[in-house]
Amino acid sequence: MPARPEGPDPPREPWTCADVERWLKTAFRAMPYTPIYAPRGNTLKSVDHDQPSATFDIVAFTGTVLGDRSEERKILLVWARAIVTEGEIGGSVAQFCQARDMKRRTFDRKRVRACEKIAAEKNKIDGRG
């Protein structure tokens, strides 16, 4: 039997923005300790065969839903990384906003909107909404 993916239990109710955020933070917590690669498109795999790759599925799914190079995806991934690493890797949200002359309110609105899109698509695929 394959090992259970590392991370929170999948939601039993429809996915919410909080679920997406929780899974993204879990993936970013695992990344510094797990070598990963992208064999094709929006797929991330663990190099270590003992580490479940499902932990990283949500990161790849953000690219599928939002577009690999979209501003929304970048904002969401910057947020998750900054929260988990406390800004020590790649900088803080404040630094990101300052470099782009973006207000934090705008950043958060775009992050929540991206999160809601991902949750809605996840619910659609899972037949929950």
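Below, each value reflects all heavy atoms present in this structure, side chains not excepted, and no hydrogens, waters or symmetry copies.
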- Please walk me through it: do Trp79 and Lys25 pass side-chain contact (heavy atoms from CB on, under 4.5 Å)? CA-CA 9 Å; Trp79 173 84; Lys25 289 187 288 187; 4.1 Å; yes

- Query: Once you round to the nearest 0.5 Å, how far does CH2 of Trp15 lie from CD of Glu121?
  - Reply: 12.5 Å

- What residue among Val112, Leu76, Leu66 forms side chain to side chain contact (heavy atoms under 4.5 Å, CB included) with Lys117? Leu66

- Message: Quick one, Arg100 and Glu71 - any side-chain contact, counting heavy atoms below 4.5 Å?
- Response: no

- Between Arg73 and Gly63, which heavy-atom pair has the shortest distance, and what is it? NE-N, 3.2 Å

- About how many Å separate CG of Asp19 and CD of Glu21, when rounded to the nearest 0.5 Å? 9.5 Å

- Going only through I, L, V, M, F, W and Y residues with side-chain contacts under 4.5 Å, is there a path from Ile75 to Val59? no

- Just checking, Arg111 and Phe107: is the charged tip under 6.0 Å from the six-membered ring centre and within 45° of the axis? no

- Query: Once you round to the nearest 0.5 Å, how far does NZ of Lys103 lie from CZ of Arg109?
  - Reply: 9.5 Å

- Message: I'd like to know if Val84 and Ile118 are part of one continuous hydrophobic network [Ile/Leu/Val/Met/Phe/Trp/Tyr, side-chain heavy atoms within less than 4.5 Å].
- Response: yes

- Item | Any donor-acceptor N/O pair, Arg81 side chain to Ile89 backbone, under 3.5 Å | yes

- For residues Cys17 and Ala119, report the shortest heavy-atom separation together with the two atoms involved. N-CB, 4.2 Å

- Task: Could you state whether Ile125 and Val20 fall into the same hydrophobic cluster, counting links through intermediate Ile, Leu, Val, Met, Phe, Trp or Tyr residues with side-chain heavy atoms under 4.5 angstrom apart?
- Result: yes

- Task: Determine whether Phe28 and Ile83 fall in the same hydrophobic cluster, where Ile, Leu, Val, Met, Phe, Trp and Tyr are linked whenever their side-chain heavy atoms lie under 4.5 Å apart.
- Result: no

- Task: Mind running side-chain contact (heavy atoms from CB on, under 4.5 Å) on Leu24 and Thr62 for me, showing each step along the way?
- Result: CA-CA 9 Å; Leu24 282 170; Thr62 63; 4.1 Å; yes

- So how far is it from Asn123 CG to Glu13 CD, rounded to the nearest 0.5 Å? 10.0 Å

